[in-house]
Protein chains: 2
Amino acid sequence: MPTIPAALMFTLDPHSGIPIYRQLQEQVRRLVASGQLRAGVELPSVRDLALAHAVNPMTISKAYSLLEAEGLLQRNRGRPMTVAPRRRAVDPAERRLKQIEPQAEALVQSARQLELSRRELAALLDRIWEKEHE
Amino acid sequence: MPTIPAALMFTLDPHSGIPIYRQLQEQVRRLVASGQLRAGVELPSVRDLALAHAVNPMTISKAYSLLEAEGLLQRNRGRPMTVAPRRRAVDPAERRLKQIEPQAEALVQSARQLELSRRELAALLDRIWEKEHE
DNA sequence: CCATGTGTATTAATACTATAATACACATGG
DNA sequence: CCATGTGTATTATAGTATTAATACACATGG
């Protein structure tokens, strides 16, 4: 039996303006890319996730379906979704950096529009990094 | 006559998944907060912006209306929108940092889910910062 | 066998986003 | 005066996002 509710691996905010299914989709992508979700691992059930985050089950299912279409997840009839077997177990750092790049570019643009210095931005990120140390 | 098309102050991407009107809204907020758009300055016309970014004029108008409701912009019948008079000309760094915080938190979360190190993230941001040096 | 657990398909309803084509009220400069 | 420039209101259409309530097919453990 799972002692830690796996449904809490994810952060879903219905009020963030970003579609819920896409929040989930991107987080799964990252956890798989980093190997925190390895091939064969079962994902939280649609109903559990939906319940834990007060969201409609079909919204979760939509994310799962898209991830299956991407080849990241594998559907198993009557059984939980699993992480699909992959060529590489873990994406090399270069690929993972590529994945986060657009988000980083957007942040830099915001910082410049706010006329923050590079050091102010770096300090902010350090502070947040510490605050969320696991 | 304006030599530099002011419409290009903004970056609008219809395919980013973020509503266009909100992209514009947030960018204006930041430029005002930093004083790059000072009180009294006229904003690009709805039609110019719409044309320059291949977007519907009403989408721009929606952003302007929301910004006017926020008190950041001022409508002048028959005349271009202007930046509203403000108590402070420029937000102090603290307020500007507050404004970018959620975006920074999201980036840190992504980096952690990708199991990037703090230094890898910092290096990426430095690289992007240099690349977009004005 | 069957209760319980998977994910999914279906259909309906609602809200938000964006486009489109007009039309209007107002201000300004020639 | 009036062409031209503002922003806006209106109406309609389309696509997307989300919720909701069922129902189904399959797998597993007792």
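Remember, predicted model here, so these are calculated numbers, not experimental data. Below, chains carry the letters A, B, ... as their sequence lines are ordered, and counting in each starts from 1.
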Exercise. With the side chain counted from C-beta on, respond yes when A:Gln103 and B:Gln109 share a heavy-atom pair under 4.5 Å apart, and no when they do not.
Key: no
Practice problem: Could you check if a side-chain atom of A:His53 sits within less than 4.5 angstrom of a side-chain atom of A:Thr11, using non-hydrogen atoms only? | Solution: no
Quiz prompt | DNA chain D contacts made by residues 17-25 of chain B, counting heavy atoms under 4.0 Å | solution = none
Practice problem: With a 4.0 Å heavy-atom cut-off, tell me which residues in residues 67-80 of chain B come close to DNA chain D, sorted by residue number. | Solution: B:Arg75, B:Gly78, B:Arg79, B:Pro80
Return the minimal non-hydrogen interatomic distance between [X] and [Y], and the atom names on each side.
X	Y	answer
B:Leu31	B:Met9	CD1-CE, 4.3 Å
A:Leu12	A:Leu24	CD2-N, 3.8 Å
B:Pro44	B:Tyr64	O-OH, 2.7 Å

Would one find more than 12 heavy atoms of other residues, nucleotides or ligands at under 6.0 Å from atom [atom1] of [X]?
X	atom1	value
B:Arg118	CZ	yes
A:Arg38	CZ	no
B:Arg88	CZ	yes

Keeping the roles fixed (side chain from [X], backbone from [Y]), state whether a donor-acceptor pair exists under 3.5 Å.
X	Y	answer
B:Arg112	A:Trp129	yes
B:Glu105	A:Ile128	no
B:Glu115	A:Gly35	no
B:Ser61	B:Pro57	no

Quiz item: For DNA chain C, what are the stems built from at least three Watson-Crick or G-U pairs in a row, each pair having both distances below 3.5 Å?
Solution: C:1-30 with D:1-30
Practice problem: Please list, in 5' to 3' order, the outermost nucleotides of DNA chain C lying under 4.0 Å from any heavy atom of chain B. | Solution: C:dT17 to C:dT28
Exercise. Look at A:Glu120 together with B:Arg96 and state whether they make a salt bridge at an N to O cut-off of under 4.0 Å.
Key: no
Quiz item: Given the rule in the side chain to side chain contact (heavy atoms under 4.5 Å, CB included) test, do B:Ile100 and A:Leu107 qualify, once you have shown the distances and angles that lead to the verdict?
Solution: CA-CA 8 Å; B:Ile100 208 179; A:Leu107 182 70; 3.8 Å; yes
Quiz item: Near DNA chain C, under 4.0 Å by heavy atom, which residues of residues 57-64 of chain B?
Solution: B:Thr59, B:Lys62
Self-check item: For B:Asp13, salt bridge (charged side-chain N to carboxylate O under 4.0 Å, His left out) partners two or more places apart
Solution: none
